[in-house]
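Okay, structure first, notes after.
FYI, the numbering just counts along the sequence from 1. Since the structure is predicted, the reported quantities are computational estimates derived from the model, not experimental observations.
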Amino acid sequence: MNQGVKEKYGRLVIVDPQLKDCKGHNYRYAKGIAEELGLPAVVLSHRQFGGEGDNAIDVRPCLSFDQYNNSAFKDGYRPSFFEKLTRFKDHVFTRLQQNNGIWEKKSPLGTLVAISVAIGNFLWFLPALFHQLYLLTFGRGTSAHTDLAAKELKAAFEDVGLRQGDLLVMQTMLWPTFESLLELKIQANKNYGCDALFIVHEDWTIYNTVYTRFSPAKLKKRVLESLPFNRAKIVSTNKPLSEYCQEWCGYFPQVVNEINFPLAEGLPHRAIDDKGRTKVLIPGVYRGDKNFESLEQLFASIAAEERDVEFCMHESVVARVRLPSQGNCTYSGYSSVDGAYAWLEFLSSFHLILIPYGQEYRHRISGIVHEARLLNIPVVCHKGIADASLLADERCTYGDNGEGIADAIRIGASLASTGAAFKPEHAPAIDAVLLDEAGWVEGREKPIAVQVKPAWTRCGTSVVLDTQMDCLVEQGYFVIEIYVKTEPWQLRQGQVDTCYQVMRAGREFSGGMAVRVLLKNITLPRMAAYFYQLLRKRIPAFFKRENIHSTWSDPDKPLIRFLQSNNVELALVNHIFNNDFARKYIPAKKFVCETHDIQINQLLLRRPELRDRYDAELDYELKLLNTYDAVVNLNRTEHKIIEQAVGDKAHFIAPPILARRLKKRYPSLGALLAAESRFDRLGSLPETFDLLIIADGHPANIESVTHFLEQVFPVYRKTLPWDWWEPSASTSK
C-alpha cells in the first residue's frame with residue numbers, strides 16, 4: 001500500500017504548531033506519519049522547538065500561533081511604539097502620584113514629585129501632538145483583522161515551496177485552523193495544488209459551541225470546497241467523533257488508526273514489578289483547572305480504599321494537585337522523557353495507565369491509548385469518553401465522580417500480564433485512507449461574493465444577514481464579509497474587542513468564510529478634499545455627508561489584491577451608507593443593495609431640519625438605488641415607494657426569513673438576562689409579565705413603543721376580559 005502512496009505523493013509536509021520538543025506525543029506522532037507513509041517529511045513546528053530529533057525528519061521551527069486559541073482576531077492588535085511609550089509614561093506617573101509609604105503628598109518630596117509629574121505631562125503634550133499630526137497626514141491601515149496563523153503559514157509554505165505533488169497533513173483543532181486557511185487563500189492569492197489531510201483527535205462539541213464562525217451544517221460546502229488546495233479530506237482517530245460529525249455536519253470523516261511509529265529496533269519488553277504494589281501512570285500536563293479537579297476527585301475515591309497504589313505524574317501536575325494524606329497511595333513525579341523508544345521503555349514498567357478526563361471529553365481520544373496498545377498496557381478511563389470504546393473489558397471504566405475507579409484499577413492491573421486489554425479490531429491505516437477516494441472534497445475556483453455590512457448588526461438584522469450568507473454559500477460563492485466600523489480613526493484595543501464581539505455575536509448557524517472589520521481612517525488630505533467638495537456644493541445631499549463614515553475606511557492590501565485579481569461576481573451592500581465604499585473598492589459585476597430602511601426617514605429623527613428638503617433628499621436616495629442591479633427591502637410600504645423608482649429591480653422579502661433552532665433555551669426571562677445580558681437589576685424583575693415589549697434604543701423604536709402604550713393599548717384593553725389587566729406594583733414600575 002505504501003508504494004501507491006509513494007507513486008501519488010513526492011513529499012510530506014506536516015503542520016503542528018503545538019510541536020515544541022522531540023520528547024512528547026506531538027513529535028512521536030509526526031515521526032510516525034512520516035515513517036508509516038515512507039515519504040521524506042518536512043515538519044513545520046512551533047518556533048520554540050528545541051532538541052535533536054531521533055530520526056531524519058526535517059523540523060522547521062517557524063510557527064507561533066496557538067491552534068487551541070480562536071481569538072487570533074483580537075490577538076492581531078499590535079500597539080505602536082508610541083502607544084507603548086505612552087502607556088509606560090502613564091503607568092510611571094500614576095505610581096509616582098500614589099501614596100506608597102515613601103513620601104506623602106504634603107511632604108516636600110511629595111510636592112516635588114507632584115510638580116515633576118505635572119511638568120512631565122505638559123512636556124508630553126508636544127510629542128503627542130506631533131504624533132497625532134503624523135497620523136492625520138499620512139494615516140495608517142485600519143483593518144482590525146490580523147490573522148497571525150494565516151500570515152505565518154503563508155511564509156512557511158513559501159519557505160518549503162509547498163506545491164503540487166505534496167501531501168499536507170495538519171494536526172488540528174479544526175475550526176481555528178480552517179478559519180486561518182480561508183484567510184490564507186486571500187493572503188497567498190493562489191491555490192497550492194497539493195492535497196490536504198486534516199487529522200482530528202479533538203472534541204467536535206467544542207467546535208459546535210465555541211468556535212462558531214463556521215456553520216457545522218455546511219462544513220463541506222462552506223469550508224472544504226473553498227480551501228486553497230487541490231482537494232481536502234478530514235479523518236478522525238475515533239468513531240464516536242466521526243459519528244458526531246455525521247450528525248451535525250452531514251460529512252463523515254473516515255476513522256483511521258492512530259499512527260504508531262515503526263521501531264526498527266523492536267518494542268521493549270514489559271518490566272512489571274510484582275511486589276504487591278500497583279504502579280499507575282497518569283500521563284500528560286493538563287490544561288485548565290477542570291482537569292486538575294477531575295484528578296483530585298479520582299484520588300479522593302482511590303484513597304478511601306485499602307489497596308496499595310503508586311501513582312506517577314508529571315512533575316508540574318504534582319505541584320498543582322492537592323494530594324490526599326490518608327490511604328495507602330503514594331505519589332511520584334517524572335519529567336520529560338528523551339526520545340520515542342525511551343518513552344516506550346518508561347511506559348513498560350507500569351501496570352496500567354489512568355486517564356483522568358471526565359465525560360466532557362466524550363468525543364476526544366488520547367494518543368497515549370494507542371501507545372498503550374503497542375505494549376498491551378491496560379488503560380482505565382471514564383466510561384463516557386471515546387477511549388472507552390477501545391477497551392476489551394468495560395469494567396476498566398469509572399463514573400462521573402470517580403465511582404468504581406478502585407475496582408477499575410484492580411481489574412486493569414489483573415490484565416497487565418494477559419495482553420487482552422484492548423479489542424482486537426483496528427481502524428484502517430492512514431495510507432489506505434489516503435488512497436481511498438471516498439471523503440475527498442475537490443477544491444473549486446468559486447466566484448466571489450462580498451457582503452458589506454454595518455458593524456452594529458443586531459436583533460432581526462442579524463437574522464437577515466445570516467440568511468443572505470446561507471443563500472450565497474448554497475449558490476456556490478466564496479463569501480467575504482466586510483464590517484464597516486464607523487469609529488474614530490485611531491485603532492485601539494477597546495475598538496478591537498468591540499469588533500470581535502460584533503463578529504462573534506450570534507454566529508452559531510452561519511458566518512463568513514473570510515472576515516474583515518474596517519475602521520475609519522481619517523487623514524488631513526481626505527478632510528481637505530471633503531471640505532472642498534462641501535464648499536463647492538459638490539455633495540448633492542445631506543445623506544451624502546453621512547456616507548463619509550464608510551467612505552473613509554480602507555481595506556488591507558492583500559484583500560485589495562485578491563479582489564482585483566479574481567472573479568468578483570457580486571457585491572451585496574447591506575446598508576446604503578456603505579455605497580461609496582463598495583463602489584470604490586469592490587470590482588463586482590453585479591451590485592445588490594439591501595436597504596433596511598429609507599435613510600432619509602432615519603435621518604429625520606436626528607436632523608428634523610431636513611424636513612424642508614425631504615423631497616430632494618429622497619430623490620437623491622432613490623436615484624442612487626436605481627444604480628443597483630437589484631434592491632431588496634423588508635418593509636412593504638417602503639418597497640412600494642422604491643419600486644416606483646427602480647421598477648422590476650425592487651424585491652420585497654417578508655420576514656421572518658428563516659426558522660432557526662435555538663441553541664440554548666432558558667427557563668425564565670431572568671435566567672436569559674443573567675446569561676446573555678449586562679442587565680444588573682435581576683432582583684427587581686417580577687415573576688410574570690403582563691406585557692413584554694422587545695426593542696432596542698433606536699429613536700424610531702422608542703417612538704413606536706410610546707405610541708402603542710399611550711394610544712393603542714388603552715383601546716385594546718377595553719376589548720379584553722375585565723380582570724386581565726391588573727398591573728402589579730412591579731409591573732407598573
Side-chain angles (χ1 to χ4, degrees), residues 8-9 13-15 67 70 147 149-150 153-154 157 162 164 166-202 204 206-208 211-237 241-256 430 433-449 469-481 507 509-515 562 566:
K8 195 172 189 64
Y9 303 107
V13 179
I14 301 173
V15 176
Q67 65 177 352
N70 197 39
D147 193 322
L153 286 174
K154 176 190 174 185
F157 290 163
L162 186 66
Q164 185 176 358
D166 288 341
L167 173 64
L168 178 67
V169 174
M170 304 195 75
Q171 317 277 25
T172 176
M173 284 288 285
L174 206 57
W175 294 130
T177 300
F178 278 162
E179 183 174 333
S180 296
L181 288 177
L182 290 170
E183 171 61 22
L184 174 66
K185 185 168 187 175
I186 291 177
Q187 294 289 335
N189 197 14
K190 70 175 182 179
N191 190 306
Y192 289 95
C194 62
D195 288 354
L197 183 72
F198 299 89
I199 303 178
V200 186
H201 319 274
E202 306 294 343
W204 286 88
I206 295 175
Y207 306 140
N208 191 38
Y211 303 128
T212 52
R213 174 78 60 79
F214 301 108
S215 167
K218 295 179 174 62
L219 171 67
K220 178 179 177 182
K221 186 176 290 293
R222 188 182 297 276
V223 178
L224 294 182
E225 290 181 351
S226 302
L227 295 178
F229 309 115
N230 178 47
R231 57 180 187 167
K233 187 176 192 176
I234 304 172
V235 296
S236 71
T237 51
L241 188 149
S242 289
E243 290 174 344
Y244 187 85
C245 187
Q246 174 71 48
E247 176 185 355
W248 281 93
C249 308
Y251 178 87
F252 185 78
Q254 290 175 288
V255 183
V256 297
I430 191 171
V433 173
L434 281 173
L435 297 176
D436 187 353
E437 292 299 317
W440 285 104
V441 177
E442 300 287 338
R444 294 176 52 194
E445 291 300 324
K446 296 184 175 182
I448 298 168
M469 176 67 62
D470 290 342
C471 177
L472 293 172
V473 171
E474 288 298 326
Q475 295 298 318
Y477 286 98
F478 180 79
V479 183
I480 300 173
E481 290 179 286
R507 316 303 288 170
F509 297 98
S510 66
M513 296 175 174
V515 181
F562 183 77
N566 288 277

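Listed by chain and residue number, nothing satisfies the salt bridge (charged side-chain N to carboxylate O under 4.0 Å, His left out) test with Glu445 (two or more places apart in sequence, or in another chain). Every residue meeting the salt bridge (charged side-chain N to carboxylate O under 4.0 Å, His left out) condition with Lys446, not counting sequence neighbours, appears here in chain and number order: Glu225. With sequence neighbours excluded, no residue forms a side chain to side chain donor-acceptor pair (under 3.5 Å) with Glu442. Take Gln254 and apply the side chain to side chain donor-acceptor pair (under 3.5 Å) test, not counting sequence neighbours, and it matches Lys233, Asp436. Applying the side chain to side chain donor-acceptor pair (under 3.5 Å) criterion to Tyr9, with sequence neighbours excluded, gives Asp195. Considering only residues two or more places apart in sequence or on other chains, Phe157 meets the ring pair (Phe, Tyr, Trp, His ring centres under 6.0 Å) condition with Tyr192. Listed by chain and residue number, nothing satisfies the side-chain contact (heavy atoms from CB on, under 4.5 Å) test with Gln164 (two or more places apart in sequence, or in another chain).
At a threshold of 4.5 Å between non-hydrogen side-chain atoms, the residues Cys194 and Leu167 do not count as touching. Residues Ile448 and Ile480 have side chains in contact (heavy-atom distance under 4.5 Å, counting atoms from C-beta outward). Residues Ile430 and Val235 are not in side-chain contact: their nearest non-hydrogen atoms beyond the backbone lie 4.5 Å or more apart. Between Lys154 and Glu183 the shortest side-chain heavy-atom distance does not fall below 4.5 Å.
Panel note: side chain Asn191, backbone Phe229; a donor-acceptor pair is recorded below 3.5 Å. At least one donor-acceptor pair under 3.5 Å links the side chain of Asn566 to the backbone N or O of Phe562.
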### Task
Please assess Arg222 against Glu474 for the test side chain to side chain contact (heavy atoms under 4.5 Å, CB included), listing each intermediate value before the final yes or no.
CA-CA 8 Å; Arg222 188 182 297 276; Glu474 288 298 326; over 6 Å; no
### Query
Does the side chain to side chain contact (heavy atoms under 4.5 Å, CB included) test come out yes or no for Val479 and Val473, once each step is laid out?
CA-CA 7 Å; Val479 183; Val473 171; 4.2 Å; yes
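Going from atom CD1 of Ile234 over to atom CG of Leu224 covers 4.5 Å, rounded to the nearest 0.5 Å. In this structure, CG on Leu434 lies 5.5 Å from CG on Leu197, to the nearest 0.5 angstrom. Going from atom CG of Leu184 over to atom CG of Leu182 covers 9.0 Å, rounded to the nearest 0.5 Å. Taking OH of Tyr477 as the reference point, atom SG of Cys471 lies at 9.0 Å (rounded to 0.5 Å). Note that the OG atom of Ser180 and the CE atom of Met170 stand 8.5 Å from one another [nearest 0.5 Å]. Between Ile14 atom CD1 and Ile199 atom CD1 the span is 8.0 Å, to the nearest 0.5 Å.
The side-chain contact (heavy atoms from CB on, under 4.5 Å) test with Leu181 singles out one residue from Val15, Leu168, Leu153, Val223, and that residue is Leu153.
Taking each heavy atom of Ala196 and Trp440 in turn, the nearest pair found is O-CZ3, 3.7 Å.
Taking the centre and axis of the six-membered ring of Phe478, the NZ or CZ atom of Lys185 falls inside the cone set by 45° and 6.0 Å.
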